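Whatever order the structure lists ligands and atoms in, that order sets their numbers, starting from 1. Note that the structure is a prediction, hence the values are computed from the model and not measured. Here, residue 1 is the first one in the sequence, and each next residue gets the next number.
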Amino acid sequence: MWQIIGAGAIGCLWAANLYQQGEKVRLITRHPVDADFLLYQDIQGIHWRLPISHHHKLLKSTQPILICVKATQVCQAIQAHKAQIQDGQGIILMHNGMGCAEEIQKILPKNPIICATTANASLLLSPFNIRHTGKGSTYLGPFNQQAKSYQDIVIPLNKALNDCHWCDKIESKLWLKLLINIAINPLTAIHQINNGALKKESMQKLIKNILKEAFLVLPKKTLLMSETEVYQLILQVINLTTDNYSSMNRDIYFKRHTENEYINGYILKKAMQQNIALPTINSLYKDIKALEVSSLIHSHTS
Ligand code: PAF
């Protein structure tokens, strides 16, 4: 049985598609939820009512656990279910940003850790109600030695959402997604604009600066793409998602914690280790932090 921790847009998307392929699926929520069906609108616009089981407790099993919560909640989720997780059980991490796998490795040193990144887009309309809004590739790969033999995990996932691949050097895919996220998310969050508004010349200039700085800390030979190629890819993502609001934009808008520490923060940590100054990224990091603090204070006082 697939146990998916996190019933957000991406967790529910996998749950729906695995279920439709005949897989047993159980969504693990933070709190008990009163829902008999997962309402799912697929990419063709077809509506489904899927009787997917859910619970707030993880069952003991040996099958890999798919973790689809935000980077900021991964450690908390693992701690909450640690007693149910067996030594040697695979842990698949699927979220924006980097740095979580290192933290999880410390909590679960005997478990294979698989990192995953997906370009599928999904919208959580309300709890247990999602719409698949965009198709894209999914990559999974080993973070540690124990996970190196897990390539067959992509077979059911590929049946469910296709364009799903095993990648021995998953770091390259994670970094590429990180570069896309760092170029799009903070600016759209700080200025509360949609992705399309990044086409403005002033924003393009900033994106080029961000990218230049991020490339200074990108580990050598991780990415087989030049800075210009990555910039072109970012433009492509902006064009494909013109009307969308990025996840960080929504987090600031709804006064939630953002993935700042795992996007800007991760790159700044790498820079600090190498004694490199990244002024543009540092100022984005500080701006997001200030917005988080003020919106959290605001939400407590209002
Ligand atoms: O985090 C997001 O919103 C998305 O990963 C992306 C690709 C930046 C599109 O908005």
Side-chain angles (χ1 to χ4, degrees), residues 6 8-14 43 67-74 93-100 115-125 130-140 161 163-164 170-200 203-204 206-211 213-214 223 225 229-267 280-281 284-285 287-288 291-292:
I10 293 293
C12 288
L13 181 69
W14 283 107
I43 198 85
I67 304 194
C68 296
V69 297
K70 282 185 8 177
T72 48
Q73 294 158 3
V74 173
L93 303 175
M94 191 179 286
H95 54 73
N96 277 342
M98 287 179 79
C100 271
C115 288
T117 176
T118 186
N120 276 289
S122 170
L123 195 63
L124 185 71
L125 301 167
I130 60 152
R131 185 194 303 149
H132 190 186
T133 51
K135 278 180 92 60
S137 317
T138 300
Y139 296 97
L140 292 96
L161 267 169
D163 198 3
C164 192
I170 191 67
E171 246 218 318
S172 66
K173 304 293 178 193
L174 299 177
W175 263 96
L176 188 57
K177 184 72 190 287
L178 188 72
L179 294 173
I180 296 170
N181 281 141
I182 202 168
I184 296 178
N185 296 18
L187 288 174
T188 53
I190 293 163
H191 301 284
Q192 282 300 294
I193 49 176
N194 65 12
N195 292 358
L198 294 177
K199 289 181 210 167
K200 259 177 59 183
M203 292 293 162
Q204 286 297 308
L206 279 168
I207 290 177
K208 282 184 186 154
N209 283 345
I210 295 166
L211 207 54
E213 290 186 7
L223 210 60
M225 285 170 87
E229 284 167 331
V230 176
Y231 173 68
Q232 292 304 330
L233 181 68
I234 290 166
L235 283 185
Q236 225 174 302
V237 174
I238 291 172
N239 282 322
L240 285 171
T241 60
T242 290
D243 297 328
N244 292 11
Y245 289 95
S246 76
S247 49
M248 197 176 272
N249 170 298
R250 293 296 82 188
D251 286 339
I252 291 295
Y253 183 83
F254 290 114
K255 303 189 191 315
R256 297 186 297 235
H257 266 298
T258 72
E259 294 171 316
N260 196 26
E261 288 302 335
Y262 297 88
I263 297 177
N264 292 311
Y266 181 79
I267 292 200
T280 313
I281 294 177
L284 293 177
Y285 173 81
D287 286 351
I288 296 287
L291 283 170
E292 278 182 335

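Remark: Lys200 NZ is loosely packed, at most 12 non-hydrogen atoms of other residues, nucleotides or ligands lying under 6.0 Å away.
Between Tyr139 and Ile170 there is a side-chain heavy-atom pair separated by less than 4.5 Å.
The part of Asn195 lying near ligand 1 is the side chain, judged by heavy-atom distances below 4.0 Å. Contact annotation for Asn244 and ligand 1: no heavy atom of the residue comes within less than 4.0 Å of the ligand. Neither the backbone nor the side chain of Met248 comes within 4.0 Å of ligand 1, counting heavy atoms alone. Neither the backbone nor the side chain of Thr188 comes within 4.0 Å of ligand 1, counting heavy atoms alone.
Under a 4.0 Å heavy-atom criterion, Asn181 is in contact with ligand 1.
Thr242 places no side-chain N or O within 3.5 Å of a backbone atom of Gly196 that could act as its donor or acceptor partner. Side-chain N or O atoms of Glu261 include none that pairs as donor or acceptor with a backbone N or O of Tyr266 at under 3.5 Å.
Checked by distance only, ligand 1 and Asn96 come closer than 3.5 Å through their nitrogen or oxygen atoms.
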**Q.** Test side-chain contact (heavy atoms from CB on, under 4.5 Å) applied to Ile288 and Ile190, step by step
**A.** CA-CA 7 Å; Ile288 296 287; Ile190 293 163; 3.6 Å; yes
Q: Determine, step by step, whether Gln192 and Leu291 satisfy the side-chain contact (heavy atoms from CB on, under 4.5 Å) criterion, reporting the C-alpha distance in whole Å, the side-chain angles of both residues, the deciding distance to 0.1 Å, and the verdict.
A: CA-CA 11 Å; Gln192 282 300 294; Leu291 283 170; over 6 Å; no
(Q) Evaluate Thr241 against Asn195 for side-chain hydrogen bond (donor to acceptor under 3.5 Å, both in side chains), listing each step before the verdict. (A) CA-CA 6 Å; Thr241 60; Asn195 292 358; 2.9 Å; yes
Q.
Lys135 vs Asp163, test: side-chain contact (heavy atoms from CB on, under 4.5 Å). Steps then yes/no.
A. CA-CA 9 Å; Lys135 278 180 92 60; Asp163 198 3; over 6 Å; no
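Protein heavy atom nearest atom 1 (O) of ligand 1, with residue, atom name and distance: Ser247 OG, 2.6 Å. Nearest to atom 8 (C) of ligand 1 among the protein's heavy atoms is Asn185 OD1, 3.0 Å. For atom 7 (C) of ligand 1, the nearest protein heavy atom (residue, atom name, distance) is Val237 CG1, 3.9 Å.
Contact atoms of ligand 1 toward Lys177: 5 (O) (distance under 4.0 Å to a heavy atom of the residue). Those atoms of ligand 1 that come under 4.0 Å of a heavy atom in Ser246, given as number and element, are 3 (O), 10 (O).
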